[in-house]
Amino acid sequence: MTVLDAPAGSAVPAVPGQGLTPVFVRLKLTLLRNGLRQSSGRRAAYVASLVVTVLLTAGQVAGLIALRGHAQAGTLVVLLAAVVAVGWAVMPLFFPSGDETLDPSRLVMLPLRPRPLIGALLVASLIGIGPLFTAALAFGSVLAVAHGVAAVLFGVVAVPLTLLVCVALARSVATANIRLLTSRKGRDLAVLSGLVIAVGIQFVNFGAQRLGRAGGLSSLEPVADVVRWLPPASALGAVGSASEGAYGAALVQLLVSVLALGGLLWLWQRSLTKLMTSPDGSTIAAAEPSAGRSGADRSGLFSLLPEGRTGTVMRRSLRYVVRDPKTKASWVTALAIGLIVPVLNAVQGSGSVYFACFAAGMLGMQMYNQFGQDTSAFWMVALSVSSTRDAYLELRARALALLLITLPYTVLVTVVTAAVLGDWAALPGVMGLSFALLGAMLATGALASAMFPYSIPQDGAFKNVVPGQAGLAWISILGGMVASAVLSAPVIGLTVWLHVADRQDQLWLLLPVGAVYGAFIGWLGVRLAAPRTADRLPEILAAVSKG
């Protein structure tokens, strides 16, 4: 009898002569099969992902084969391997709950030793779309740079070695951070993850554009000369060195990847041992003294907030931004992308000061699904809403709390973008347009929160919608964004007309017009959303409590 065959609640006896590897391979296949059985939507998503991955992999391999004999093929191969390795390292931090087998804490109660468990998990990790893509990419890389029998022999070792290093890297990172990611305080790493995504994507875009202007891959040769000695790129770099007849360098590069694999397995085993033998925060009493906390709600900046329901709701909303990991991650990502997109485009000289409106759009999205961030605690808010007036005060206070951050930040991004481009004449118009867009998103966000609420699950650090509510989330966000663009049309039209009519000297009019229009449309949206919120409280409570 194995783990898969044992009845629920029974101990798993040791089976003489049977290793863990077949059991964990069957476990991985069973989890995959059962996951696909849950819904037709999940099956369709998996099949679509598989088809896209296969097509992308085929295109990548074909492109690498076409580079065979090109002078810069070796440069591209090692850099591509480094990018793939970075992806393997960070993906467990972004999606730790995407694969149930990434969570070794599920195994701590089983009588398993870390060393054989690592071997079994490593083999089971080779099953999936990611390993297929990585292996195919490594294979295509070898075909691109291997010339001669010796290089082919090195390539035979380099392909599986590259794959194993990537998988071991992902597993060691996941194991070392699994409790960090699943604890309340540790889930703040999602903030860093969102920031890394925001910064990384924009810098990759910036680098690609600079690369195109610099004359191609030849400008990256100094970087490739360093990367080819770093694992797992060094394994593929060894193939290139062997093709050039540098067999000593090839052996050293291959050895670097082998040592890296051994080091990662050792770190993985150490983290797994600690995970399976050390208590976590949930088993240790952590009582904190409560003395001196009276009056804390009225200290610092909170003392500037108004009294009554408005101030109370604003403080609660601002505390979500500071304390709730998912809310904080959403805010930090929006703040980072809202600044990076316009400023980086301005630095490259290809942007416009109107790109600063992107900041208002990103921050305005924080108004959507206001009640979902409360999760099951929304019932306490629902108890305090007994009339349309109460609902209006609740929504207005949430919008005001959001404006405390978004208004000064929008001004900051607009000023920085205008300063980088030196286009101060357009500053008032862009700021007015940003205010109008922000007001429109507050209006549509309040309505979407009342009409299309959805739950934000608490079990996964990076899941933002519970199963079955993805359609509501898409309707709320995409529909709201389209509606915001429509509501902003009067100010957008005025901006276009002033430019077309060559009246740039009157663009300053957009600042007061946009500010007044944004304030009015935001107030109107909250006013219209209030009766809908009061009437739909039971439906909203049921929707946001599913997580």
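Keep in mind that what you see is a predicted model, and the values were worked out from it rather than measured.
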What's the separation between atom OG1 in Thr414 and atom OH in Tyr409, rounded to the nearest 0.5 Å? 10.5 Å

State, with a plain yes or no, whether a side-chain heavy atom of Met441 is found less than 4.5 Å away from one of Leu487. no

Give, for atom CG of Asp502 and atom CH2 of Trp497, the distance between the pair rounded to the nearest 0.5 Å. 11.0 Å

Between Arg503 and Asp505, is there a side-chain heavy-atom distance shorter than 4.5 Å? yes

Parallel, tilted or perpendicular: which one describes the rings of Phe371 and Phe378, with boundaries at 30° and 60°? tilted

Using the rule given for side-chain contact (heavy atoms from CB on, under 4.5 Å), can you reason through Val381 versus Arg316, listing the C-alpha separation, both sets of side-chain angles and the distance that settles it, and then say yes or no? CA-CA 11 Å; Val381 177; Arg316 184 181 69 224; 3.9 Å; yes

For the student: nearest non-hydrogen atoms of Leu421 and Ser352, plus distance: CD1-C, 3.5 Å

Are any non-hydrogen side-chain atoms of Leu403 and Leu442 less than 4.5 angstrom apart? yes

Within the 4.5 Å heavy-atom criterion, are Met431 and Thr410 side-chain neighbours or not? no

To the nearest 0.5 Å, what is the distance between CG on Leu438 and CG on Leu363? 7.5 Å

Could you pull out the closest heavy-atom pair between Val415 and Trp424, with the gap in Å? O-CH2, 4.0 Å

Do the side chain of Arg536 and the main chain of Ala450 share a donor and acceptor less than 3.5 angstrom apart? yes

Ala426 and Val353 have their tightest heavy-atom pair at CB-CG1, 3.5 Å

Find the distance between CG (Leu339) and CZ (Phe358) and round it off to the nearest 0.5 Å. 11.5 Å

Within-4.5 Å side-chain heavy-atom neighbours: Ile540 and Thr533: yes

Would you say Tyr368's side chain and Gly480's backbone share a donor-acceptor pair under 3.5 angstrom? yes

Separation between OG1 (Thr417) and CG (Leu427), nearest 0.5 Å, reads 9.5 Å

I'd like to know if Glu394 and Arg389 make a salt bridge, using a cut-off of under 4.0 Å between side-chain N and carboxylate O. no

What are the two closest non-hydrogen atoms of Leu433 and Cys357, and how far apart are they? CD2-SG, 3.9 Å

Evaluate the side-chain proximity of Asp390 to Ser384: yes if any heavy-atom separation is below 4.5 Å, no if none is. no

Is it the case that the side chains of Ser449 and Arg398 hold a donor-acceptor pair, with the cut-off being a distance below 3.5 Å and no angle test? no

Show your reasoning for whether side-chain contact (heavy atoms from CB on, under 4.5 Å) applies to Trp268 and Leu121. CA-CA 11 Å; Trp268 185 8; Leu121 287 173; 3.7 Å; yes

For the residue pair Ile405 and Trp331, establish whether any side-chain heavy-atom pair is separated by less than 4.5 Å. yes

Pair Leu404, Met314 - check side-chain contact (heavy atoms from CB on, under 4.5 Å), show working. CA-CA 10 Å; Leu404 285 180; Met314 291 179 68; 3.5 Å; yes

Which distance, rounded to the nearest 0.5 Å, do you find between the CG of Leu437 and the OH of Tyr517? 11.0 Å

Counting N and O atoms only, with roles assigned by atom type, does the side chain of Thr388 sit under 3.5 Å from a partner on the main chain of Pro531, one being a donor and the other an acceptor? no

Identify the heavy atoms of Ala168 and Leu264 that sit nearest to each other, and give their distance. CB-CB, 4.0 Å

Heavy-atom closest pair (Leu395 atom, Met367 atom, distance to 0.1 Å) is O-CE, 4.1 Å

Taking the side chain as C-beta and beyond, is there a heavy-atom pair between Leu537 and Leu541 under 4.5 Å? no

Are Thr444 and Ser484 linked by a side-chain donor-acceptor pair shorter than 3.5 Å? yes

Worked verdict on Val313 versus Leu393 for side-chain contact (heavy atoms from CB on, under 4.5 Å): CA-CA 9 Å; Val313 175; Leu393 293 176; over 6 Å; no

Are a donor atom and an acceptor atom from the side chains of Ser387 and Tyr392 found within less than 3.5 Å of each other? no

